[in-house]
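First comes the structure, then the notes that go with it.
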Amino acid sequence: MHDEKLYIVMVGLPARGKSTLAIGLLEAFRKSHIQARIFNNGNLRRKYRKPQETSLAHFYHPDNREAAALRKKLACINLERARTYIHGMGQVAVIDATNVSRERRKMIEERLDDHPIIFIECLTDDEDILALSILEKTKLAEFSHLDRLTAEREFLRRIDYYRMIYTPLTGERNYIRLDSLNHKIIEEKHSDAIPLYLWVRDFLVTDVVKNLFLIRHTETEYNLVDRIGGDPSLTAEGVSQARALGQFFSRRKIAFIFTSSKLRTVHTARLIAERQGDCRIIPLGEFDEINGGVCEGMTYRDIGKSMPEVFQKRESDKYHYVYPGGESDETMKPRIRRGIKKAFFINRHAGHIMIVGHQAVNRMILSHFLYRPDVDVPYIYVPQDRFYHIIATHGEKQFKLRSYTSL
Ligand code: F6P
């Protein structure tokens, strides 16, 4: 029998990107006119129980029978709602919860036995990502009565308690185990005819960019004399350029601005953030400018004069040339990629994502979305008086170089 309806069941420890993925899937389904809905156990828990009860880790300890029974009850309510939805107009129901024990998944299989189920397990152990995700989680209303350190400690403990009952997917009939940071499938098993399987699979491995504003830090002391690398400050012109950026973006909600760890990107971001309400600046070392090694802090002219072989070799093969003691475009590519993945993971549900980077860094980020041949990357135009606006979704691709000074 050809079945059109589907249950998608998320699996994974807290803060592994399950809800981000579920929401992304829901948006994509809706765009394709597929009736879908998310059934999130956490939301139900937050609706019916007081934060004082559910924010503390003890509530999630496997030996806390009373709380376990309550959590099971809430899970069952959601399963029942999902089943009712699928019986009606719904085509896809996404069950968003940890579902880390085999026992819980068995219960789901028994209760949702009318249509196929695919389990999606989200995995990531990146320390930075976890720390940032946990920081975001602890800002939720559920933790507002606790100080930040207590909230973090309780959340980490909660994760440990879930770990005690965790069994990775193996026995289930249909599943995908996903590296949720890198959008890579680690393992998949497909025993039944699963409606929309290729569609879902394609979604999981695709980088979707709704609105990426890719900005180069504004003018610095070094830019004036063509000096590379280092950690220079903005010039007065750089400050007024950054203020103009702030003014330009003041009508758009930017939740996060990702920068490198360098002064010039953070300063540019601060001046943009000043015009935003609640906007966080997140410096990522992954977005630091290409490391010029022994040439850091020198002007191109100095390099040409005192190290002509460096200059010539770089001229003849810019993409592959590694600065002595530093990097090439090629060798910095993996860290830039890591930075992109982190930024997109943290940015989660926000519609707009902003990165304030550097010349070589922004070229690499652009090439990630443009699919330009590698050797062309070091020549992409990255001015300081304009920014790139990038959209790359299933149905739409747009790369625009836009001015922020004209209205
Ligand atoms: O000149 C500014 C700068 O960001 C330097 O710090 C960096 O070395 C350079 O641009 C990268 O551009 P290119 O690869 O063209 O030398």
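Only a predicted model underlies this, so the values are computations on that prediction, with no experimental measurement involved. The first residue in the sequence is number 1, and the count goes up from there.
Under the 4.5 Å side-chain criterion, counting only non-hydrogen atoms from C-beta, Tyr161 is in contact with Met164. By the 4.5 Å heavy-atom criterion applied to side chains, Leu13 and Tyr166 are counted as neighbours. At least one side-chain heavy atom of Met364 sits less than 4.5 Å from a side-chain heavy atom of Val377. A 4.5 Å side-chain heavy-atom check between Tyr197 and Asp202 finds every atom pair outside the cut-off. Counting heavy atoms from C-beta on, the side chains of Leu70 and Arg49 come closer than 4.5 Å. Side-chain contact check for Lys318 versus Tyr379: some heavy-atom pair is nearer than 4.5 Å. Counting heavy atoms from C-beta outward, Val92 and Ile34 have side chains that approach closer than 4.5 Å. Counting heavy atoms from C-beta on, the side chains of Arg173 and Lys189 never come closer than 4.5 Å.
How far CD1 of Ile194 is from NE2 of His115: 12.0 Å, rounded to the nearest 0.5 Å. The CD1 atom of Ile185 lies 4.5 Å from the CD atom of Glu188; values are rounded to the nearest 0.5 Å. With values rounded to the nearest 0.5 angstrom, Asp288 atom CG is found 8.5 Å from Asp231 atom CG. Here the straight-line distance linking atom NZ of Lys253 with atom CZ of Arg251 works out to 15.5 Å at 0.5 Å rounding. Between the CZ atom of Arg216 and the CZ atom of Arg264 there is a distance of 9.0 Å, given to the nearest 0.5 Å. A distance of 11.5 Å separates CD1 of Ile272 from OG of Ser250, quoted to the nearest 0.5 Å.
In this structure, a donor-acceptor pair under 3.5 Å is present between the side chains of Asn43 and Arg46. In the model, Ser180 has no side-chain atom that pairs as donor or acceptor with a side-chain atom of Thr124 under 3.5 Å. Judged by distance alone, the side chains of Gln384 and Asn223 do bring a donor and an acceptor atom under 3.5 Å apart. In the model, Asp114 has a side-chain atom that pairs as donor or acceptor with a side-chain atom of Tyr7 under 3.5 Å. With hydrogens and angles left out, the side-chain atoms of Ser233 and His267 include no donor and acceptor closer than 3.5 Å.
A donor-acceptor contact shorter than 3.5 Å links the side chain of Glu327 to the backbone of Asn291. In this structure, Glu289 contributes its side chain and Ala360 its backbone to a donor-acceptor pair below 3.5 Å. A distance-only check finds a donor-acceptor pair linking the side chain of Gln91 to the backbone of Glu4 [under 3.5 Å]. Remark: the backbone N or O of Glu219 is not paired with any side-chain donor or acceptor of His217 at under 3.5 angstrom. A donor-acceptor contact shorter than 3.5 Å links the side chain of Asn362 to the backbone of Ile215. Here the side chain of Ser133 pairs a donor or acceptor atom with the backbone of Ile129 at under 3.5 angstrom.
A salt bridge is defined here as a Lys NZ or Arg NE, NH1 or NH2 lying under 4.0 Å from an Asp or Glu carboxylate O, and Arg102 with Glu172 meets this definition. A salt bridge does not link Lys106 with Glu109: none of the charged nitrogens is closer than 4.0 Å to a carboxylate oxygen. Residues Asp96 and Arg37 are not paired through a salt bridge, judged by the lack of any N-O separation under 4.0 Å between the basic side chain and the carboxylate. Under the 4.0 Å criterion applied to side-chain N and carboxylate O atoms, Glu103 and Lys72 are not assigned as salt-bridge partners. Taking the charged nitrogens against the carboxylate oxygens, Arg335 and Glu286 have no contact shorter than 4.0 Å, which rules out a salt bridge. Salt bridge present: Glu152 and Arg148 bring a charged side-chain N and a carboxylate O closer than 4.0 Å. For the pair Lys333 and Glu330, the salt-bridge criterion is not met [side-chain N within less than 4.0 Å of a carboxylate O]. Salt bridge Arg157/Asp160: absent, no basic N to carboxylate O contact under 4.0 Å.
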Practice item. Take Arg71 and Tyr60 through the test side-chain hydrogen bond (donor to acceptor under 3.5 Å, both in side chains) and record every step on the way to the result. Key: CA-CA 9 Å; Arg71 286 189 289 121; Tyr60 304 87; over 6 Å; no
Practice item. Show the numbers, then the answer: is there a side-chain hydrogen bond (donor to acceptor under 3.5 Å, both in side chains) between Asp329 and His320? Key: CA-CA 6 Å; Asp329 281 86; His320 295 103; over 6 Å; no
Check your understanding: What do the steps show when you test Ile340 against Ile365 for side chain to side chain contact (heavy atoms under 4.5 Å, CB included), and what is the final call?
Key -> CA-CA 7 Å; Ile340 296 172; Ile365 297 175; 4.2 Å; yes
Check your understanding: Stepwise, does the side-chain hydrogen bond (donor to acceptor under 3.5 Å, both in side chains) test hold for Asp226 with Thr299?
Key -> CA-CA 5 Å; Asp226 263 351; Thr299 64; over 6 Å; no
**Study point:** Steps toward side chain to side chain contact (heavy atoms under 4.5 Å, CB included) verdict (Lys262, Val266)
**Key:** CA-CA 6 Å; Lys262 305 292 177 188; Val266 176; over 6 Å; no
Practice item. Kindly determine whether Phe387 and Phe248 satisfy ring-ring contact (aromatic ring centres under 6.0 Å, His included), including the steps that lead there. Key: CA-CA 11 Å; Phe387 68 91; Phe248 183 89; 5.4 Å; yes
Practice item. Go through the steps for Asn40 and Ser19 under the test side chain to side chain contact (heavy atoms under 4.5 Å, CB included), then give the verdict. Key: CA-CA 8 Å; Asn40 179 305; Ser19 297; 3.9 Å; yes
Review point. Going through the checks in order, is the side-chain hydrogen bond (donor to acceptor under 3.5 Å, both in side chains) test met by Thr54 and Glu142?
Key: CA-CA 8 Å; Thr54 64; Glu142 190 174 2; 3.1 Å; yes
Exercise for review: Could you go through the side chain to side chain contact (heavy atoms under 4.5 Å, CB included) check for Val11 and Thr98 one step at a time?
Suggested key: CA-CA 5 Å; Val11 173; Thr98 50; over 6 Å; no
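Relative to the ring axis of Tyr388, Lys400 does not place its NZ or CZ within 45° and under 6.0 Å from the centre.
Nearest heavy atoms, Leu21 versus Cys122: CD2-SG, 3.9 Å. Taking each heavy atom of Leu130 and Arg16 in turn, the nearest pair found is CD2-NH1, 3.4 Å. For the pair His183 and Thr206, the tightest heavy-atom approach, listed with the atom from each and the gap, is ND1-O, 3.5 Å. Taking all atoms of both residues into account, the shortest heavy-atom contact from Phe369 to Val209 is CE2-CG2, 3.0 Å. The nearest pair of heavy atoms linking Pro283 to Ser261 is CB-CA, 4.3 Å. The shortest heavy-atom contact between Pro168 and Arg105 is O-NH2, 3.5 Å.
Ring orientation note: the planes of Trp199 and Phe203 are close to parallel, at an angle under 30° on the 30°/60° scale. Ring geometry, His389 versus Phe213: the interplanar angle falls from 30° to 60°, so the pair is classed tilted.
The number of heavy atoms from other shown groups lying within 6.0 Å of CG (Asp147) is above 12.
Test Leu135, Ile257, Ile346, Ile355 against Ile282 for side-chain contact (heavy atoms from CB on, under 4.5 Å) and you get one pass: Ile346.
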